[in-house]
Structure formats: C-alpha cells, structure tokens
There are 2 protein chains.
Amino acid sequence: MAVSPTSLAAFAALLADPTRSAICLALLDGRAWTAGEIAAEVGVARSTASEQLTTLVGAGLLAEERQRRHRYVRLSGHQIATVIEDLAGLAGAPEVPRSLRESHRARDLAAARTCYDHLAGALGVGLYDAFVDRGLLTTADGTALTAAGRSWFTELLGEPALTARGRPLIRTCLDWTERRPHLAGALGAALHHGLRERGWVVAGPRPRAVRLTEAGAHGLEELLGRPMLPSTGDRGVEGDGHAGALAGWGREASA
Amino acid sequence: MAVSPTSLAAFAALLADPTRSAICLALLDGRAWTAGEIAAEVGVARSTASEQLTTLVGAGLLAEERQRRHRYVRLSGHQIATVIEDLAGLAGAPEVPRSLRESHRARDLAAARTCYDHLAGALGVGLYDAFVDRGLLTTADGTALTAAGRSWFTELLGEPALTARGRPLIRTCLDWTERRPHLAGALGAALHHGLRERGWVVAGPRPRAVRLTEAGAHGLEELLGRPMLPSTGDRGVEGDGHAGALAGWGREASA
DNA sequence: AGAACGGTTCGGCGGCCGCCGAACCGTTCT
DNA sequence: AGAACGGTTCGGCGGCCGCCGAACCGTTCT
C-alpha cells in the first residue's frame with residue numbers, strides 16, 4: 001500500500017517553513033547546535049526556535065541531547081541530510097547576496113565548505129573532477145570506484161576508510177554553487193576527515209567554510225598531478241585577502 | 001553560497017499540501033494524466049485540481065502538454081520522482097486501510113506495482129533479493145552490477161539496456177510496503193519494460209497495480225532458479241481470487 | 001446549430017499556523 | 001544568596017492559502 005498523501009504532505013510541511021528550513025540547512029554541517037545558537041543564526045526569538053525545534057525533533061528529523069541547561073540538536077541521520085540536500089539542489093535558485101558582508105560570506109562558502117560531513121564548493125567539485133580525470137572514479141553507470149581508485153584512496157586514507165558500514169561508500173551530491181557533483185557518501189566523509197587530520201584542510205573564516213592550506217595544495221597537487229585551479233576563475237579580490245590562483249578555494253593567503 | 005532557506009521552504013511547500021502531494025504520488029507511475037483524471041483520483045473539485053496543477057507546473061515539478069481540449073501533466077523528470085520517492089520513504093507511516101475496498105487495493109498494490117517506471121512491492125523486492133542472492137548485484141559499496149549480472153541482464157534485456165544515458169544505471173529505492181530496497185534507475189526501468197514486452201508482467205486490477213503472469217512466474221523461476229515466493233507469507237485470501245503460493249504477487253488466478 | 005465536455009477564472013469563506021513578548025523554570029556563576 | 005543564563009510555555013495577533021461553486025471559454029460530438 002502506498003504512503004498516504006497526508007503523511008507525505010505532513011513530512012514535507014516540516015521543511016516548508018523558512019525558519020524550519022533554515023534550521024535544517026544550518027545543521028547540514030553535521031554538528032550539534034544549541035537552541036540558542038540556532039535562534040541567533042536563523043534570526044528568530046528564542047521562543048520561536050524552541051517551538052520549531054520541538055516540532056522537528058518530534059517528527060524525527062532532528063535528534064536532541066540534553067546536557068545540563070543546554071539542548072543540543074543535530075540531524076537525526078544521513079538519510080535526512082541526503083533528502084534535504086536533494087531538495088535544496090532542486091530548489092535551485094541560490095540566494096543573491098545583498099550586502100558586502102553577505103557577498104564575502106557567499107564567496108567563502110562557494111570556495112570551499114562542508115556539506116554535512118564531506119567537502120563541497122569549488123574545492124569539492126574540483127576534487128571530484130580530478131578523481132574522474134585520473135581514472136579513480138568512473139561515471140559510466142552512476143559513480144563508482146575503479147581499481148586504481150581503490151588503491152589510491154586506501155593509500156591516502158587507510159584500509160578502513162574503504163569499508164562502508166550501513167551507508168553507501170560512494171554517493172554524489174549536487175553542489176549548490178557549482179551545479180555539478182561532488183563526492184559524498186562514506187568515502188566523501190572519510191576523505192574530508194583524512195584531509196583534516198593531515199592539516200591539508202582547516203576550518204575557514206566562518207561556520208561551514210573551510211580552507212585548503214599550503215601543505216594541502218602541495219600534497220594534493222603531488223597526489224593528483226594537477227594544480228587544482230578553481231574552474232570558475234579567481235574570485236575574492238574584495239580587499240581582504242590576497243587573491244592568488246587558489247583564492248577561490250579559500251587557500252591560505254600566507255604565501 | 002548556500003541555497004536560501006526561503007527557496008528551500010518554497011520548494012518543500014509544493015509537497016506540503018495533501019492535494020498536491022496526492023497529485024505527485026499519482027504521477028509517480030510515470031504516466032501523463034489529464035487534469036480531470038487527477039481531480040477524480042484525488043477527490044477534489046476540477047477547479048481545485050486545475051489551480052494546483054498550475055502551481056506545480058509553474059514551479060517546474062510537473063511538465064504539461066496541451067492536446068486539443070485536454071491538459072496532460074506528468075512529473076518533469078526523474079530527479080523530481082526520486083526526491084518524492086525518498087520523501088515518501090522517510091514519511092514512513094503507511095496509511096492504514098479503513099474499508100474492505102481499501103484493503104483490497106492495499107493488498108493489490110503491496111503485491112506488485114509500478115513505482116514511477118520500475119517495479120515495486122513484494123515482486124520488486126523479491127526480484128532484488130534474487131538478484132543479490134544469485135550474485136548478479138553486489139551490495140558491498142552501494143549497489144552495483146557484477147560481471148555475472150552484466151551478462152544476465154544483457155541476455156534478458158539486450159545490449160542497449162545496459163547503456164545508461166543521463167541517468168544512473170543502478171539505483172535502489174526504498175519500498176514503501178516492504179521497507180527494503182528494490183531495483184530502480186535505468187536498469188530497473190529497462191527490466192520493467194522488458195518484462196512487459198514478454199508478457200511476463202501485465203497491468204493489474206487497478207492503476208499502478210501489476211500482475212505476474214503464469215508465463216512470467218515460469219520464466220523468472222527458470223532464469224533465477226528459485227520459485228520467487230513472497231517473503232511475507234501468502235495474503236489475499238479475501239474471497240476474490242485463489243490464494244496460491246504466488247498470490248502475494250498478484251499472479252494470475254488461472255492456474 | 002445545439003448539447004456535452006474538459007478546463008479555467010474568480011470571489012469569498014474558513015481555518016490553520018508561525019511569530020513574538022511576557023512570565024516562568026531549572027542550572028550555573030560570583 | 002542573588003544574578004545571569006539557556007530554555008520553555010502561553011496567549012493572542014496577523015496573515016496566508018486551500019477550497020468550492022458559479023460563471024465562463026474553447027473544443028468536440030451528434
């Protein structure tokens with residue numbers, strides 16, 4: 001028997017409100033946020049955030065954890081995160097930055113950011129392209145790992161990273177800013193984690209933004225045999241930060 | 001830059017209404033429906049259906065085609081179908097049948113039905129299980145075709161069926177009734193199409209329901225080396241139809 | 001030519017729901 | 001002990017939006 005229209009509608013309604021959808025988008029970074037942080041991020045009264053969080057937790061979209069006087073919430077699982085990402089991808093029309101501050105924020109996030117637990121933005125898409133060009137991933141029948149890819153990723157991330165448990169190893173995710181796929185799934189998460197551990201990628205100037213370090217740029221160029229230039233040309237020549245060839249990826253300006 | 005909460009909310013709102021979600025669920029069968037058919041199926045006034053169709057078409061969820069005095073609508077693409085399926089899967093709670101008529105309908109659809117353009121229900125899940133057991137599909141890193149699977153499907157469906165264009169060859173879709181995956185993607189569609197062409201599967205007693213024919217049961221048993229019994233035990237012993245071992249799949253009662 | 005038909009537009013009714021501030025509660029800090 | 005803090009509950013305002021029937025339009029049938 002099919003799912004009833006009523007329950008589908010009720011589920012969709014959870015995301016059909018700007019406040020609730022903003023909460024979910026914020027939580028796509030995979031972290032747990034407190035109720036107060038969310039109220040501040042989304043720009044609503046604490047009472048409103050509290051009410052909406054209760055709704056989302058009650059519906060199972062979010063999981064909560066009470067610690068002392070804090071209420072931490074996070075997305076309840078990667079299926080939820082996936083469907084939110086897919087909807088966001090289809091919703092399309094990216095917001096147009098209105099202020100200089102917003103345009104800085106947009107530039108930083110477009111360069112390199114996290115998407116739930118993997119890398120996105122120009123960096124994420126650039127890596128994905130490099131993997132395909134190097135024959136590490138094949139896109140013939142959906143995206144899959146080649147033999148070469150298997151050994152390449154094993155060398156970089158270790159054996160365990162290639163053993164997916166309870167979750168697809170390879171998934172692609174439509175990038176909001178680039179409109180092209182980047183690597184998600186268990187391997188996408190492992191890659192993100194591995195690059196962080198090596199210090200090749202570090203937290204960026206604002207939530208969700210990340211930066212490719214000097215070491216990371218060198219290391220990846222060596223491993224992938226290409227300079228990893230952002231495909232969309234350089235950006236970020238707004239006065240704060242030295243616009244270099246890699247500025248589009250939020251690379252360190254220390255060079 | 002990230003998708004704005006507003007546009008995500010606006011997109012989700014399209015599915016957040018029982019009438020619109022019912023329209024989308026009906027269209028998941030992949031066919032084009034006229035506005036009047038939809039009004040009747042969903043149970044609203046023609047004027048209401050007309051208004052909602054205009055909304056959904058305007059938003060890009062549906063594509064329309066005007067022919068003479070008819071207005072045909074269908075889902076605008078498989079990305080849309082996929083996200084609706086995913087949401088429906090997460091929405092979970094299948095409707096509880098209230099009347100005998102509804103319970104018949106539920107039983108027929110649970111046995112075997114179409115899900116957009118591929119097979120679902122006990123038949124769809126049973127086939128998927130058989131493919132995995134026979135080593136035609138591997139589920140190690142997400143679902144993929146093995147070498148054995150490649151030749152098996154080529155033999156059954158012909159070479160072109162294995163050449164996906166613009167769409168993943170293999171996808172799985174969470175079955176609403178079975179709560180387990182069935183085969184979707186280009187190969188799922190090709191399989192459905194191929195079985196129809198051979199007359200192994202035919203239209204069932206109501207929209208979206210399908211029936212496995214005698215020939216189909218024999219043919220699949222021969223090709224898969226298993227009797228394809230529904231895993232949930234037999235059903236449909238409601239007085240209309242001879243409950244056989246395959247009754248759960250809507251198999252012909254002509255035996 | 002007239003009737004039937006599929007579909008659309010419009011006005012207006014009805015109801016739902018997100019929002020905030022005020023008051024309140026338990027926890028933590030000084 | 002008192003103040004600050006994170007969070008919640010509640011009342012009530014405000015606005016949106018889905019729905020229908022009536023009137024209408026173009027197409028098709030007889």
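The shown structure was predicted, so the numbers you read here are calculated from the model rather than taken from an experiment. To find a chain, count down the sequence lines: A is the first, B the second, and so on, and within it residues start at 1.
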For B:Thr82, give me all partners under side chain to side chain contact (heavy atoms under 4.5 Å, CB included), at least two apart in sequence or on another chain. B:Asp86, B:Arg171
Nucleotide-level pairing of DNA chain C, given in dot-bracket where Watson-Crick and G-U pairs need both distances under 3.5 Å and | marks other strands: ||||||||||||||||||||||||||||||
Close approaches to DNA chain D from residues 44-63 of chain B, in residue order (heavy atom, under 4.0 Å): B:Val44, B:Ala45, B:Ser47, B:Thr48, B:Glu51, B:Gln52
Sorted by chain and number, sequence neighbours left out, side chain to side chain donor-acceptor pair (under 3.5 Å) with B:Thr6 holds for none
Checking ring-ring contact (aromatic ring centres under 6.0 Å, His included) between B:His118 and each of B:His182, B:His192, B:His193, which is the one that passes? B:His182
A:Ser76: which residues meet the side chain to side chain contact (heavy atoms under 4.5 Å, CB included) condition with it, sequence neighbours left out? A:Ala63, A:Ile80
Going by the rule side chain to side chain donor-acceptor pair (under 3.5 Å), which residues pair with A:Arg198 if we only count those two or more places apart in sequence or in a different chain? none
Can you list everything that forms a side chain to side chain contact (heavy atoms under 4.5 Å, CB included) with A:Ala13? Sequence neighbours excluded, please. B:Ala16
Please list all pairs meeting salt bridge (Lys or Arg N to Asp or Glu O under 4.0 Å) that have one or both residues in residues 42-64 of chain B, counting only residues at least two apart or in different chains. B:Glu64-B:Arg66, B:Glu64-B:Arg71
When B:Leu123, B:Leu183, B:Leu119 are each screened for side chain to side chain contact (heavy atoms under 4.5 Å, CB included) with B:Tyr128, the one that passes is B:Leu183
For A:Ala59, what residues pass the side chain to side chain contact (heavy atoms under 4.5 Å, CB included) criterion, not counting sequence neighbours? A:Leu14
Show me the pairs that pass side-chain hydrogen bond (donor to acceptor under 3.5 Å, both in side chains) and involve residues 11-23 of chain B, at least two apart or across chains. B:Arg20-B:Gln52
5' to 3' contact window, DNA chain C with chain B (heavy-atom distance under 4.0 Å): C:dA4 to C:dC10
